[in-house]
Amino acid sequence: MPEKPLTATKEWKALARHYREIKDITLKELFGTDRDRAEKFTIDEGDICFDYSKNRITEVTMQLLRELAAAAGLPHEIERMFGGERINETEGRAVLHTALRNVKRTPVLLDGSDVMPSVFSMLEKMRSFSEKVRSGRWRGYTGKPVKNIVNIGIGGSDLGPCMATEALRYYSKRDLSFYFVSNVDDAHILEALQGLDPGETLFIVESKTFTTQETLTNAETAKKWLLGSLISEQAVPFHFVAVSTNEDAVTRFGIDPENMFGFWDWVGGRYSLTSAIGLPVMISIGYEAFMSLLAGFNDIDNHFRHAPLEKNIPAVMGLLGVWYNNFFNAETHAILPYSQYLCRLPAYLEQADMESNGKGVDRSGARVSYQTGPIIWGEAGTNGQHAFYQLLHQGTKLIPADFIGFARPLRSAGDHHRKLMANLFAQTEALAFGKSATDLITEGVPRRLIPYRLCAGNRPTNTIMAEQLTPHTLGKLIAMYEHKIFTQGIIWDIYSFDQWGVELGKELAKKILPELDPLFSADLKHDGSTNNLIRYYRSKQ
Ligand code: G6Q
């Protein structure tokens, strides 16, 4: 843990000075004066090509940022995480999601005992179950094979499997349909179940705690729906399995503990995709492809642990984020995958990043005096171009962005992919270099329109390319972001693995729930606004 507040360190002050020196230098100038810039600021890791040359940095910037990381003890903190130390201090837990994809099974010790045998025995259990479902050997209560898989979970127990199932749809078993129900809004579950045959439907209830209001409410509704048609309680174990750490609650719900897939308290919800929470993904793409997803994660885990900082993609991503967040005062960061399969990636990373680094207190419990986690948002390209890119190009805010693209498409219907990628490359070029008044005049644009048509450029982007979207590449991509988030959490000296901020709303919702009953007669003791809103709601029942 650092001895001085971050902003008082010599490394921070050096960056602040450096920022003043280079803040007005443009990307046009930086590229103009260095022919090797693109090569210098590109890192290749297997099939991933990470080009960060279109950032407002020089070699000095990167050197100073690395010094900041070193002063924050990043390499040491990485070892503490991989080594099973209880770095999730406020919950008293280790953070070992990297063990879940440790495909070579090298021992990972937690309190002196190796966690890998239990990781692999759970993978075997998932394998056996997913093969039964995929082959049609798993039968529902009336003897029909499964056609529909409805995942019920929320947050970390929804976003990961939902994002990855969509991302890897190309590799999926096409005669199975997947639905992800998370919201407690009746509409979510009712619309998902609309038209499904209960006899062909399997529910996977995913909840680490098995106490989450939304998930249990949806699971109870699913059970009622099933029993409404299959009548007997005995049908439940044929149509419900659970992924959880809470066997008692799973059993009370009526699920056979044999059909419960467990994981451990050292797996945080938003880092749980590679645990049994990934069960729907394994059912969709099969065991071998799931293992290849894990191997992709593992490649980046090893890269993050062993590559020197200057060649370390997640560390560089994290440092660039700090550069914009803390020195350029950028408030947000856009995730722009040029792949329809990755349409849920921005939502997934919103949680991964903002729940991890949206903290305002440092590891010693003091209020931070600097900005921490950025607002993460985004959309799949090219849709965003016809929507919010206007602001990226000409708005008053600086929005660093990650563009993600693939050299070859998985499916081809002509020249779509070439057009898609032409747009990606064009956007990063336009953002970086803009269009000057001179260019516009040469094109014959009337003078009065010049201010409106000018694009100043100098807007930073990273471009992440891979050959094709495969399970392996997806694993690498997600692990890059996980470790980027870790890097930033260490530099900002915050605890990235708890999420206490989400508790207050849950507590208040519990209190308000009975008050929404039109027959509730006791005095309301909230503020005037909340009291009025509750009364309005009741008056309309
Ligand atoms: C993730 C969070 C949170 C969690 C959900 C669901 O890191 O802890 O998003 O995953 O609240 O919790 P359960 O899995 O316990 O239902």
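In each ligand, atom 1 is the first atom listed, and ligand 1 is the first ligand listed.
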Got the closest protein heavy atom to [atom], with its distance?
atom	answer
atom 8 (O) of ligand 1	Gln499 CD, 3.7 Å
atom 6 (C) of ligand 1	Ile154 O, 3.2 Å
atom 15 (O) of ligand 1	Thr209 OG1, 2.6 Å
atom 4 (C) of ligand 1	Gly156 N, 3.8 Å

Side-chain donor-acceptor contact under 3.5 Å, Asn325 with His333: no
Check: Asp362/Ser364 side-chain N/O donor and acceptor closer than 3.5 Å: yes
Of all the atoms in ligand 1, which lie at a distance below 4.0 Å from a heavy atom belonging to [X]?
X	result
Ser207	13 (P), 14 (O), 15 (O), 16 (O)
Ser157	10 (O), 13 (P), 14 (O)
Thr212	12 (O), 13 (P), 15 (O), 16 (O)

Donor-acceptor pair, side chain of Asp175 and main chain of Lys147, under 3.5 angstrom: no
Backbone or side-chain N or O of Glu206 under 3.5 Å from ligand 1 N or O: no
Contact (N/O only, under 3.5 Å) between Gly268 and ligand 1: no
Arg270 with Glu355: basic N within carboxylate O range, under 4.0 Å: yes
Shortest heavy-atom approach to atom 3 (C) of ligand 1 - which of Glu214, Lys208, Gln351, Arg270: Gln351
Among Glu355, Gln213, Lys506, closest by any non-hydrogen atom to atom 1 (C) of ligand 1: Glu355
Charged tip of Arg105 within 45° of Phe120 ring normal and under 6.0 Å: yes
Lys223 to Phe253 six-membered ring, cation-pi geometry met (6.0 Å, 45°): yes
Passing candidate, side chain to side chain donor-acceptor pair (under 3.5 Å) with Glu515, options Lys525, Arg538, His526: His526
Test log, rule ring-ring contact (aromatic ring centres under 6.0 Å, His included), inputs Phe261 and Phe129: CA-CA 10 Å; Phe261 300 84; Phe129 178 72; 5.3 Å; yes
Any protein heavy atom nearer than 4.0 Å to atom 11 (O) of ligand 1: no
